[in-house]
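All remarks here apply to the structure that follows.
Below, all heavy atoms of this structure are taken into account, side chains as well, without hydrogens, waters or symmetry copies. Chain A is the first sequence line, chain B the second, and so forth, proteins listed ahead of strands; every chain is numbered from 1. All of these numbers come straight from a predicted model, not from anything done at the bench.
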Amino acid sequence: MNGAGAVARYTLIELSRRRILLVFFVLGAAGTLLLGVGLKVLYSLSGNITTNQDPAKLQKFLELSFLSDLYGALGIFALLIAYAIGMTAIYHDLESGAAVSIFSKPVSRLAFSAGKVVAAVAALIVIVGLLALEARLVMLLFDGGLAGSLTGEILATMANSVVVMLLVLALSTWMNNIVAAIVAFVYYNVITGVISAVHGLADSGAFNNDLVKGVFDVLYWTVPHALVSSAPGDLVRAQVQLSNTPRGSQTFVFIPAASGFGDIAWWLFFIVLFAGLVYLAVRRRQV
Amino acid sequence: MAAVVRVRDLRKRYRRQDPWAVDGVTFELEPGQAFGLLGPNGAGKTSVVKMIGGLLRPDGGDISVFGSPPGEPRARAQLGFSPEDPDFPKFLRASEVLDYFASLLGLDEADRRRRIPETLAFAGLEGERRQIRQFSKGMKQRLGIAQAILGRPKLLILDEPTADLDPLGRRDVRALIESLKQSGVAVLLNSHLLSEVERVCDDVAIMAKGRVLREGTMREVVPEGSTLEDVFVRLVEVSQPQRDHMPSFITEKEPRS
């Protein structure tokens, strides 16, 4: 694997200088800050008017609102960053002709692919990690006791984004990077999304057709599973607690359970599969 | 003397329905020899050198570079390749590109510290702080040559190395080739500039439509009283359909208003 370290190091330097990633990061950071501070200011103002609220409950409610929006926004930004890295990390080397100079050096295609994958994953982790760190600091404004859910949710977001990024990385070695992003989006966000959603509904007993349930049970194990942390469940439970909804309510039925060992193993399988596809695509590529 | 490169009956086509881009090319290159590969556009010269560099897969024939298949890192460890229209990771600087490639070549810290500044100075890029995306074609060409010599190769492949260079840059490349030849490095030069090839190469092969039309020492290929350009034009024109060189509208008289 001679040269993999150098490929990873200089790919990271390149990624750190790409404006598109900087723009996504700045937007994400500014959005998180605005969301937190905005909520705090808004509710402080309304809190001054309605003084009969329990302050502890209000803090929890504020944090809950912040987290619900934050998790949605983080998921979108992580996905955007994953697409941006996947579309550029290998594609530009191949298309610009830089790969001709690189591949004429004594570096194997395996080492090149490994270096690129490591750099892409590291860049994604660093950017999403920094956004998460900022989110954690903003949460100090609320102190509503829900901070624990953030770590799991960030890990799940990162894990899901890595799958998409590797898919785009592999496809962009075969085809134009914009086409690669569209294909990956259709596969991961549309087809996989629909299959997972229908499977989830069937599992929760939303419809009773055994044939549909059986078909989606099979289809579910042909696509990557988005990992789910305990955060969505924690948030719903907190919301229910705040609104004094009875425990046996239907709301609890639709709370997605946190991913188990099977889902994590399936995620790992797709990571290996897509990383393998990156290598195969790079190996086949003539420059 | 053991050949540095041995090419036998090399064949390549890009799609099944296409004609052969390289069709039965055979030659050898020895240490200290400068070999010129000439031909019109689309003759197959770049395909040949890319196959030697392990960048393209041949569809037939054999290539050995230092006794190994060209795709093996062992073969490429002693190879310097300056591509036609070179490009590099566009957000890096020239010194970073050379450091990156020095790492791929496995150069140690001491070698890097000595060679990178010297190579940058040779390329006239010392103190250049801009990123590659802001480089001119000539600057990229000079960096292309710089990265090719960084690892002190025993085989240097130069694909149109002077196409984007000014006269001073061309003179430097000629001097480089002379100096490398003297130290036993084999040089494979692809060029349209026949006068350059005539000045620095010992042996030459003229290609058209993927085939070698003539090959030999400069004296064998270019008879007394003739020039390489005469021989080239004669050979290539026979192998290609005659073209009307001038569009008819160019010579038409302007209608008077």
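A:Tyr71 meets the side chain to side chain donor-acceptor pair (under 3.5 Å) test with A:Ser149; sequence neighbours excluded. Applying the side-chain contact (heavy atoms from CB on, under 4.5 Å) rule to A:Ala8 yields the partners A:Val118, A:Ala119; only residues at least two apart in sequence or on another chain are considered.
Most heavy-atom pairs under 4.5 Å with chain A: of the set B:Pro83, B:Gly144, B:Ala148, this distinction falls to B:Pro83. Counting heavy-atom pairs closer than 4.5 Å to chain A, the top residue among B:Leu105, B:Ile132, B:Leu79, B:Ile157 is B:Leu105. Contact count versus chain A (heavy atoms, under 4.5 Å) is highest, among B:Pro73, B:Pro86, B:Pro153, B:Gly106, for B:Pro73.
One distance of note links CG of B:Leu158 with CG of B:Leu156; it measures 4.0 Å at 0.5 Å rounding. Separating the CD1 atom in A:Ile81 from the CG atom in A:Leu27 is a distance of 9.5 Å, to the nearest 0.5 Å. Expressed to the nearest 0.5 Å, how far CD1 of B:Ile149 lies from CG of B:Leu98 amounts to 9.5 Å.
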Criterion side chain to side chain contact (heavy atoms under 4.5 Å, CB included) on A:Leu277 and A:Trp174, from CA distance to verdict: CA-CA 10 Å; A:Leu277 281 180; A:Trp174 261 304; 4.2 Å; yes
A:Leu79 and A:Tyr83: CA distance, side-chain angles, deciding distance, side chain to side chain contact (heavy atoms under 4.5 Å, CB included) verdict: CA-CA 6 Å; A:Leu79 213 56; A:Tyr83 274 98; 3.9 Å; yes
Pair B:Leu155-B:Phe81, side chain to side chain contact (heavy atoms under 4.5 Å, CB included): steps then yes or no: CA-CA 8 Å; B:Leu155 165 64; B:Phe81 187 97; over 6 Å; no
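Using cut-offs of 30° and 60° on the angle between ring planes, the pair A:Phe269 and A:Trp266 is parallel.
Between A:Phe103 and A:Phe112, the distance from one ring center to the other falls under 6.0 angstrom.
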Between chain A and chain B, going by a 3.5 Å limit, which atoms form donor-acceptor pairs, if any?
| residue | atom | partner | partner atom | Å |
| --- | --- | --- | --- | --- |
| A:Tyr10 | OH | B:Asp99 | OD2 | 2.4 |
| A:Glu14 | OE2 | B:Lys90 | N | 3.3 |
| A:Glu14 | OE2 | B:Phe91 | N | 2.8 |
| A:Arg17 | NH1 | B:Phe91 | O | 2.8 |
| A:Arg17 | NH1 | B:Glu96 | OE1 | 2.8 |
| A:Arg17 | NH2 | B:Glu96 | OE2 | 2.8 |
| A:Phe103 | O | B:Arg76 | NH1 | 2.7 |
| A:Lys105 | O | B:Arg76 | NH1 | 2.7 |
| A:Lys105 | NZ | B:Gln147 | OE1 | 2.5 |
| A:Val107 | O | B:Arg76 | NH1 | 3.3 |
| A:Arg284 | O | B:Arg57 | NH1 | 3.3 |
| A:Arg284 | O | B:Arg57 | NH2 | 2.9 |
| A:Gln286 | OE1 | B:Lys12 | NZ | 3.0 |
| A:Gln286 | OE1 | B:Arg57 | N | 2.6 |
| A:Val287 | N | B:Leu55 | O | 3.2 |
| A:Val287 | O | B:Lys50 | NZ | 3.4 |

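Using non-hydrogen atoms only and a strict 4.5 Å limit, no part of residues 153-171 of chain A faces chain B.
When atom types are taken as modelled, the side chain of A:Ser259 and the backbone of A:Val228 share a donor-acceptor pair closer than 3.5 angstrom.
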